[in-house]
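First the structure, in the form of structure tokens, and then the observations on it.
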Amino acid sequence: MHAATARNGGSVTWACTAGFSPVQIFPLTPADHYGVANLHEFQMLMYRPLYWYGSHGRPEVDDERSLAGPPVWDETGRTATITLKPWKWSNGETVNADSVLLWMRLLEAGKEQFGGYAPGFFPDNLTDYRKISDSTVSFTFDRAYSPGWVLMNQLSTITPLPKAWDRTAADTPADATNDPDQAPAVLAHLRACNADRTAWADSPVWSVVSGPWRLRTYTIDGTEGEAVLVPNESYSGPDKPRLDEFRLVPTSSDDSAYAALRRGPSAGPDAVQVGFLPFEELTEPATDPSTGGPNPLAADYRLIPQLTYKIHYFPINFNNPTAAGRVFRRLYFRQALQSCLDSEGAVRDVYRGYGYHTTGPVPLLPDSPLLSPTRKDNPYPFDVDRARRLLADHGWDTTRTPAVCVRPGTGPGEAGSGIERGDTLTFRMRYAKGHRTLTSVMRKFAQDAARAGIVIELEEVDASVLVVEDTTCVPGPDSPCLWHFTDWNGGWGYGPGHLPTGEALYGTGSPVNFGSYSDPRADELIAATVASDSTLADLHAYQDYIAEQLPVIWMPNFPFRLLEVAHDLRGVEPLNPYGALNPEDWYYAETAAQEGLTST
């Protein structure tokens, strides 16, 4: 592509993934909204995290865009001191030590509702944190941990907050920054402000930003939200926006997203300059999911696979209080279920060569030394006969569908604790509507599982409903916790900056351990991964155990999106490997014709 002459101004419309538009503005985000649409594509544009990762396509800290310099550790390896840069909030306040303290006070007051919290880890593993000076804070941990892990998985969860947010009502300032007892009331006020989505754009709270963008308008259609962001004229960081506005628009389905693209990037006010191509619309398969294949929309857009550092899976509900939950706790059943999922066929036929396997809790792509050598291959390849044998060998009559328990008990060849004679293998799978690829994978999965004696009743549900209803739960009068399997057409993206160590996804009691998996051995292995930077052996041991224990069912992976980017829009690539956006780097070339562009 030829060098571009940048022009200032213009508007870019970004098409959100179907069912996932921004619906949470407060950065202390709960588990049910702790995802890319709210964090990486919305909040971080306005409220910068303490450390920024992934610029220029590299999976590393970006010191220039970070709000603080690298941590400095004392000789004990337990205390890290951080010095903040003198950036400004849009109201003239300085981003300083108090900004970090306010986040920490609110985090401690509401950690159980924060999606980035894992019990026993940050902030539980701190013995002290304090303001050293106006620009310096220190954190003292309960023992020495891996400095790299602390930076990427602990300190990266901090989003400094302005003094303007330290209040218990619109006209009632507070001081939770210095008095932790005031934090619950401040947190309650901010959550109430977050819940009133119609008032976001005019809110004196959310209008105080540290990032390159601020919210101008926000409109609601059903459960979805459309956000229009404009440049923060007081932004202190590098690469101030050239664009006049950045629009995040919801889509109802992959089909509607494709229809918008077909109209072209210049088709009036509803035109999309950055959208995503459904896999079904590919004319030819790709040989490499990272580079892509022929683009059916090449006349107007360039195709860029958004290959992020993520895994794809669906949770199973270990806390279901019925016989289903007792079946889910049996490893042989999870092995049989995984063996009924034709990942190879989906990669080839559904994802048209863009797919690749999920072989455990560390992504297979992009390639990294963090991946255990034994995880290069699928641990449970598609094998319905093996699935049927596993069930038959553990007390199930698989000559019938659904299979029936005929040998209850806990001895060899028996079904396991709590499973009774006559119990059947019939379960419900709720999955996100609007994605033809996911529907194809789910339907074949249900057909193949039935051949092994497992009945899976499928139901399409709005993704925004799934992530709220089918999540971490404890059975009780107000939470029956009866869901079985759920698939929102995703899984987990590590980052920005996170090492794939597992405390959030599979640690006992973590809010984003959506299926409530709990295993003492897994907790031990997870704890070992955070202790040292010197060896990968602990990380490999953890992922090998998790891969084979199946706390979730591994799904075929694929690029997060096949992005279609208007030819004259530049600065979009290289893409951030963690899924974060930097539209402040984007700009329009003077004209495509002047540069002699060719379609790709």
Side chain of N582, backbone of E584: donor and acceptor closer than 3.5 Å? no
Between A522 and Y545, which heavy-atom pair has the shortest distance, and what is it? N-CE2, 3.8 Å
Mind checking whether T486 and F314 have side chains closer than 4.5 Å, heavy atoms only? no
On a heavy-atom basis, which atom in A37 and which in F20 lie closest, and how many Å separate them? CB-O, 3.3 Å
Please assess M555 against F445 for the test side chain to side chain contact (heavy atoms under 4.5 Å, CB included), listing each intermediate value before the final yes or no. CA-CA 11 Å; M555 290 283 288; F445 178 42; 6.0 Å; no
Take S11 and R247, measure what side-chain hydrogen bond (donor to acceptor under 3.5 Å, both in side chains) needs, and give me the verdict at the end. CA-CA 8 Å; S11 174; R247 300 175 63 232; 5.2 Å; no
Do the ring centers of H40 and Y578 come within less than 6.0 Å of each other? no
Is a side-chain donor or acceptor of K376 paired with a backbone partner of L364 at a separation under 3.5 angstrom? no
From CA spacing to verdict: side chain to side chain contact (heavy atoms under 4.5 Å, CB included), Q543, L370: CA-CA 10 Å; Q543 65 185 275; L370 301 178; 5.5 Å; no
Closest contact, heavy atoms only, P556 versus V347: CB-CG2, 4.3 Å
Any chance you could measure W483, atom CH2, to N317, atom CG, to the nearest 0.5 Å? 4.5 Å
Please check: side-chain N/O of Y309 versus main-chain N/O of V362, any donor-acceptor pairing under 3.5 Å? no
Stepwise side chain to side chain contact (heavy atoms under 4.5 Å, CB included) check, Y517 with Q549: CA-CA 10 Å; Y517 172 76; Q549 286 295 305; 3.8 Å; yes
For G54 and P577, which heavy atoms make the closest approach, and how far apart are they? O-CD, 3.3 Å
So do T223 and V465 actually touch side chain to side chain, heavy atoms under 4.5 Å? no
If you count every heavy atom of other residues, nucleotides or ligands that lies below 6.0 Å from D221 atom CG, does the total exceed 12? no
Measuring only between side-chain heavy atoms, which start at C-beta, is I25 closer than 4.5 Å to Y47? yes
How would you list all residue pairs meeting side-chain hydrogen bond (donor to acceptor under 3.5 Å, both in side chains) that involve residues 259-280, not counting sequence neighbours? none
Would you say W14 and L581 make side-chain contact, with heavy atoms under 4.5 Å? yes
Exactly one of Y313, F485, W488 should register a ring pair (Phe, Tyr, Trp, His ring centres under 6.0 Å) with F514. Which one does? W488
Distance-minimising heavy-atom pair for T401 and V455: CG2-CG2, 3.6 Å
I would like to know whether R428 and D470 meet salt bridge (Lys or Arg N to Asp or Glu O under 4.0 Å); could you show each step before the answer? CA-CA 12 Å; R428 299 183 306 278; D470 297 358; over 6 Å; no
